[in-house]
Amino acid sequence: MNRSISRSSEDRKRKSGRLVWFAAVIILVASAAFGQVLNQHEEPKAADFSQTGSTKQEIRGAVKVTVQADKPRGFLPPRGLGVFSSVGDNQLMDPIMPQILQSSRVTTLRYPGGAYADNYHWSTYKPTKWQGTDQLGYYASQNDFGNFVHLVDQIGTAVITVNYGSSLDGTGGGTLQEAAAWVAYAMGDPANTKPIGKDSTGHDWQTIGYWAGLRASQPLASDDGLNFLRIGLPNPVLIKYWEVGNEAYKNGYYGGQGTEEDLHAAYPKDPKDNEKQRRKNANLSPDAYGNNLLQYIKTMKAVDGRIKVGASLDIPLAGDWNTSGDWVQDPITTKWVEAKGTGLGGPQKNFDGSRLGPERSQDCGQGDRFRFSPLVHGRNNRGLRLEGHRQQGTLLKTQDELPKIMAGLLDLFQKYCGQNMQNMQLLVTEFGITPWIKVNDEIVSALLAADAYATLVEDGAANIDWAELHKNGFLNDENKPGPAYFAPQLIRQMANLNDKIVTAASSNALLAVHASLRNDGSVGVMFINKDPKNNATVKVTVTGASLAAKGTRFDFGKSNPASQYAVAGVPADGLGNSFTVIVPSYTITDLVIPKAQ
């Protein structure tokens, strides 16, 4: 089956609003002690995240850049740089894929995909029929979870989205036990006899050891249908982040056709009746999702308490959305509707409908007592769309709009969780350029991806996934790298995993800058020239570290192509704590400067 056909089922599910720039899937989890937290500033405001200088349409004259190596903003998390992978991707299991992903320097894959997740069944590798019809989503033949584990084992780890939308037999919504059994397969001990139990349909999900034993065993000579899960891996896969469902707000509760599978309410025989039968159905509501979410968390963490289980969020409203009270625009009808927290009540209420006062704020982010998160169920249609007719505007959205979203989330965490906001984590499990937006210069995807990855890390995200592996300029169908492929590679040239990300600022918004203090005492600086025509003369001042005059330089851009799968470094001199560097137009330039001897 060719690629265009293989993706048609998934594409039908993702209609308008599928991929505004930062996609609707964001998850919140309780953070570990050594984890990226969202409390990077004492008083979170949008201005805290903005780089200095006003927006200009071109670079003229010198650009001043300051790097404060002794003022950390966070660190590069081990699971930070990721990419969205899909069970419908025909190239996902190509033999060369581990080598390609290792070269890209990504460490995390999201699986099994977006809309796929809510009709995907990991233990059978068979989908539920789509929304009561006879349609089945396309699965590539080798993309089952057993094969996926072999891939992940060679590149890092994964973020898993468990099925919230459909039960194994397709008669109702997703079940807690199916999700728990998935955790058991990935994380369990074959000797563990603890039962998982029967789900709401009566299906017996055996014990933790049953699934872990399948993982540890070798395939049978005569396949009983489970050989794809027998992968000879006695050790746990150690997947930390698990998300309950994908984009639940698209399930039809707000009207329209509903583009996300959710059998917590039955589908009519004629899809044209979806609006009448499913709109405002209590079983599809944010409150229903929230109550179910708490049960998922409890059941999944009972299998392994080390995992973090998160909720699927919509992106917040653009601009000063936190001042809009309890009303947002319906993503389908564009009418203004009452906002609900995705599953955990509204921004003013706890999951059980009571108002969340100071006496309840201690419940935020406390593992199984994960009570409240300020999730917006609905979308302002302005969202964060990329404007294809104005590529500079596209590239400036990392500074113009993303900081407002991050600051808005922080404001809500502070408002409703108080000091316990430090126990919250945020993962951006899809971001990219909207597929139907025409971008005239393909290098734009690299500039945007590098800036967005780095900005989100600075603002506290624990994982960021480009959407997707074989789309949006990452890889093509022949596994040749597109420009976006080199964005995580260049970030890893700037900073190694767990290196401190430090404060950096530019006097011109068309020259973004990010920096790190590496564990060996060197400083890495990434410059991103978003001007399509003008080179940037950059006057750099670094404080808080004593640096050598010689280092290494990496360039990737319109006039600086990569060599196959790698951006090569070259020696650079004339550096130190104060120097001038030329950054070509539409180019990402990294400098790695050792500490002075």
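For reference, positions follow the sequence shown, starting with 1.
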In terms of side-chain geometry, is the basic nitrogen of E430 or R110 positioned less than 4.0 Å from the acidic oxygen of its partner?
yes

Check: [Y] and [X] side chains under 4.5 Å, non-hydrogen atoms:
| X | Y | value |
| --- | --- | --- |
| D189 | I208 | no |
| F474 | S104 | yes |
| Y185 | I231 | yes |
| M300 | V162 | yes |
| V237 | R215 | yes |

For T259 and E247, what are the C-alpha separation, side-chain angles and deciding distance, and is it a side chain to side chain contact (heavy atoms under 4.5 Å, CB included)?
CA-CA 9 Å; T259 57; E247 297 183 346; 5.8 Å; no

Parallel, tilted or perpendicular: rings of W182 and Y120 (30°, 60°)
tilted

Apply side chain to side chain contact (heavy atoms under 4.5 Å, CB included) to the pair D118 and D262, showing each step before the final yes or no.
CA-CA 7 Å; D118 285 314; D262 191 344; over 6 Å; no

Are [X] and [Y] near enough that their ring centres are under 6.0 Å apart?
| X | Y | value |
| --- | --- | --- |
| Y249 | Y289 | no |
| Y125 | F145 | no |
| W466 | F84 | no |
| W122 | F148 | no |

Going through the distances and angles, do L497 and R492 end up as a side chain to side chain contact (heavy atoms under 4.5 Å, CB included)?
CA-CA 8 Å; L497 298 181; R492 290 289 300 278; 3.8 Å; yes

Regarding Q425 and Y241, is there a side-chain donor-to-acceptor distance under 3.5 Å anywhere?
yes

Going through the distances and angles, do H514 and V457 end up as a side chain to side chain contact (heavy atoms under 4.5 Å, CB included)?
CA-CA 10 Å; H514 306 277; V457 165; over 6 Å; no

